[in-house]
*Asks:* 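Could you have a look at this structure, given as structure tokens, before my questions?
Every value quoted in this text rests on a predicted model; they were computed, and no experiment measured them. Residue numbers start from 1 in every chain, and the chains themselves are labelled A, B, ... in the order their sequence lines are given, proteins ahead of strands.
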Amino acid sequence: MVEEKRILYEHLDVPEIHTFDVFRQHDGYACFEKAVADYQPDDIAKMVMDSGLKGRGGAGFSTGLKWSFVPKDIKPCYLCCNADESEPGTFSNRYVLEKNPHLLIEGILICCYAMGIETTYVYIRGEFTLGKKRLDAAIKAAYANGYLGKNIRGTGLNVDIYTHPGAGAYICGEETGLIESLEGKRGQPRNKPPFPAVEGVFRKPTVVQNVETLCNLPFIVGNGVEWYTKMGPTYGDARFDPPKPDPNTGTKLYCISGDVNKPGVYELELGLTCAELIEVAGGLRGEQVKAVIPGGSSAPILTHYELDTRLDFTSLTLAKSMLGSGGIIVMNETRNIVDCLLNIMKFYAHESCGQCTPCRWGTPWVRDIVQRIADGNGRKSTITRPKFGIAENGRWGDTGETEDIYEDLDLLESVANNIANVDTMTWNTICVFGIAVSWPAVSYMRKFRPEFEATIREGKLTTLSVEEATVPPEENYAYQQRIVPRELE
Amino acid sequence: MSEELIQIQNTFRFTEENQREFDALIGHYPVKEAAMLPTLHLAQKQAGYVSPAVMTYVAALLEVPLMKVKDVVTFYPMFFEEPVGEYVIRVCHTLPCALRDCKGVLAHLKAKLGTDVASETDLGKGTTPDGKFTLMKVECLASCDVAPVIMVNDDLYKNLTPEKVDEILDNL
């Protein structure tokens, strides 16, 4: 039985930890002082690279690698802290901002020291009023105690932190959307390249990091790389010979919500399985797990056959899903997947920024198709077509059987795949919002096709039992293609 | 700027306190335009909504064309272009809240306030006749562990039931 063990966020629930004095009593800013006293900036960048820290915001990109792209000779360079947490199912940044904002400031200071950055913007969600209040107060206290401003603690380091409130747009969590928004424009993502590390906010090199990623830095510096890499699995990337190490090190703040008894934020080492996490969160509320969304609403859904998937960046990617921001939503046997998809598609249709045509028109179209199915007006053809599959001779071909044509399901897949193709992983949009739409749309439909078909046939929302609603593993495209990575010895 | 625009602009001014806050804000950025969102938040707090007067004023302050301000205001859901009620009630209706019956909370609020839900193009639809409340649906408020949630102006209320909603409204 896995239990929550807080390591990085050990002090998160200490009363008044958001004040400077209490934070100092719990060794606050000690890691920053150690960083400045013991290490050169390049040493810290190397430590972050060696630690295998991956960005916690969603893409899971190596932080050390991102830092290495920043040109050294162009100044000023900026740090943008992404606190625009809007992915449905994710709420860890809110916890950190409200409970321990000084930890974030310490992380920012270490990043600034390593990268020679003097100005940081914390782009904080407009709805996070308490979080912004706490962070503003923490920044003020840090200035008053000489941990921010000019010549910090006599080290000659200058760092300023400013908070910048967002105004309710989901797309501003995308790093270039965030940069546009920070510049005072519509939050419409930019074409890449140039990547923000080369040309970001105010056309200067910019490091964009999630709150949680920055909160890892004090511990990497304070306890050393070896201590950090012991947490979480390191896989061998089998595409290389010998297998190249693929670290999934550290802990993650898993946010679990939906049908569990104790929803909340749990800090656990990366690499536990989905079923274990549900146990940690007090078990399932209901009889049986129907589906789990493993990484915020844009991640492809997992069926109850896939609950042994380990929740880390590599395992989920190889299982054709993603860890994303670590927002896990659990659904029990009473839930209707068509209804859930409708809810999510309404979200994406509302949040599309309107810049690229496939997304601007495609997202409402997908929503309308799902709405039509949920309303009981889903289209089904009166004719049938030959069913293709593994034929009698053991090869792909005509099986001799016929199948019904569900026009709306074909249309749904076609429209979604034309926003972004989930099989080839190519998108026809500027940013990855496109894939965030078609991933859920296509995966829900393919993995819970019987429920969609039943809803169309019956002409009303029809909830099937878990076994009936789920496509069996042998026909589940993701289950068939999934690879379980092996840990390096 | 045309005579007409100057006249519209003159109907809105920052209070002295807000002006001080704005002066501090503008120093955070290398270009004035970047202060757009915080400035609009500040102006909306003072005026209640972003009227044409507010937009022209902000455009003049930040030295950008009026169109750029309008561009931003129409993009972000948190800026209101029409007057709203004294209390803006935001009901989260994204998946984790939907799994915990946010529909019941919304239906209860609708019945209790006797108003419909505001749409983005018609805020008046969700505002009570006395101008006290505006009811609107919003996307995920990032509090899925304590779902269903609503926000009343700047305050978040968690784990709601119809009884709790009554209590909250009575205490406003």
*Asks:* Mind checking whether Tyr9(A) and Tyr95(A) have side chains closer than 4.5 Å, heavy atoms only?
*Replies:* no
*Asks:* Once the angle between the rings of Tyr29(B) and Tyr162(A) is folded into 0 to 90°, is it parallel (under 30°), tilted (30 to 60°) or perpendicular (over 60°)?
*Replies:*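 Tyr29(B) vs Tyr162(A) ring planes: tilted.
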*Asks:* Would you call the rings of Tyr57(B) and Phe14(B) parallel, tilted or perpendicular, taking 30° and 60° as the class edges?
*Replies:*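 Aromatic pair Tyr57(B)/Phe14(B) classed perpendicular.
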*Asks:* Among residues 142-155 of chain B, which residues come closer than 4.5 Å to chain A, judged by heavy atom distances?
*Replies:* Ala142(B), Ser143(B), Cys144(B), Asp145(B), Met151(B), Asp154(B)
*Asks:* Using a 4.5 Å cut-off on heavy atoms from C-beta on, say whether the side chain of Tyr254(A) contacts that of Ile256(A).
*Replies:* no
*Asks:* Who among Pro165(A), Gly258(A), Ala169(A) has the most heavy-atom pairs with chain B under 4.5 Å?
*Replies:*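 Heavy-atom pairs under 4.5 Å are most numerous for Pro165(A).
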*Asks:* I need the residue from Glu120(B), Arg90(B), Lys32(B) with the largest number of non-hydrogen atom pairs under 4.5 Å to chain A.
*Replies:* Glu120(B)
*Asks:* Checking an interface table here. Which of residues 165-172 of chain B come within a heavy-atom distance under 4.5 Å of chain A?
*Replies:*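 When heavy atoms of chain A are the reference, residues 165-172 of chain B contributes no residue within the under-4.5 Å range.
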*Asks:* Are there more than 12 heavy atoms of other residues, nucleotides or ligands under 6.0 Å from atom NZ of Lys75(A)?
*Replies:* yes
*Asks:* Can you find a pair of side-chain heavy atoms, one from Leu106(B) and one from Val117(B), that are under 4.5 Å apart?
*Replies:*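 Yes, their side chains come closer than 4.5 Å.
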*Asks:* Indicate yes or no: does Arg94(A) engage Glu85(A) in a salt bridge with an N to O separation below 4.0 Å.
*Replies:* no
*Asks:* Considering residues, nucleotides and ligands other than Lys262(A), do more than 12 of their heavy atoms fall under 6.0 Å from its NZ?
*Replies:*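 Atom NZ in Lys262(A) is not crowded, with 12 or fewer foreign heavy atoms closer than 6.0 Å.
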*Asks:* Which one, Thr39(B), Val72(B), Leu37(B), leads in non-hydrogen pairs under 4.5 Å with chain A?
*Replies:*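 The answer is Leu37(B).
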*Asks:* Do Glu267(A) and Ser92(A) make a side-chain contact, defined as non-hydrogen atoms from C-beta onward lying under 4.5 Å apart?
*Replies:* no
*Asks:* Highest number of heavy-atom pairs under 4.5 Å with chain B: which of Glu87(A), Lys185(A), His164(A)?
*Replies:* His164(A)
*Asks:* Strictly below 4.0 Å, N to O, side chains only: are Asp136(A) and Lys140(A) in salt-bridge contact?
*Replies:*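 The answer is no: the pair does not qualify as a salt bridge.
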*Asks:* Side chains of Glu139(B) and Ser86(A): is there a donor and an acceptor less than 3.5 Å apart?
*Replies:* no
*Asks:* So which part of Thr90(A) gets closer than 4.5 Å to some heavy atom of chain B, the side chain, the backbone, both or neither?
*Replies:* backbone
*Asks:* Are His41(B) and Phe79(B), when compared by the centres of their aromatic rings, separated by less than 6.0 Å?
*Replies:* yes
*Asks:* Looking only at heavy atoms and a cut-off of under 4.5 Å, which of Met36(B), Met78(B), Lys68(B) has the most pairs with chain A?
*Replies:* Met78(B)
*Asks:* Looking at Arg125(A), Glu183(A), Arg186(A), which one has more heavy-atom pairs under 4.5 Å with chain B than the rest?
*Replies:*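 Most heavy-atom pairs within the cutoff with chain B belong to Arg186(A).
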*Asks:* Is Val88(B) close to Met136(B) at the side-chain level, that is, under 4.5 Å between some pair of heavy atoms?
*Replies:*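 SC-SC contact between Met136(B) and Val88(B) confirmed.
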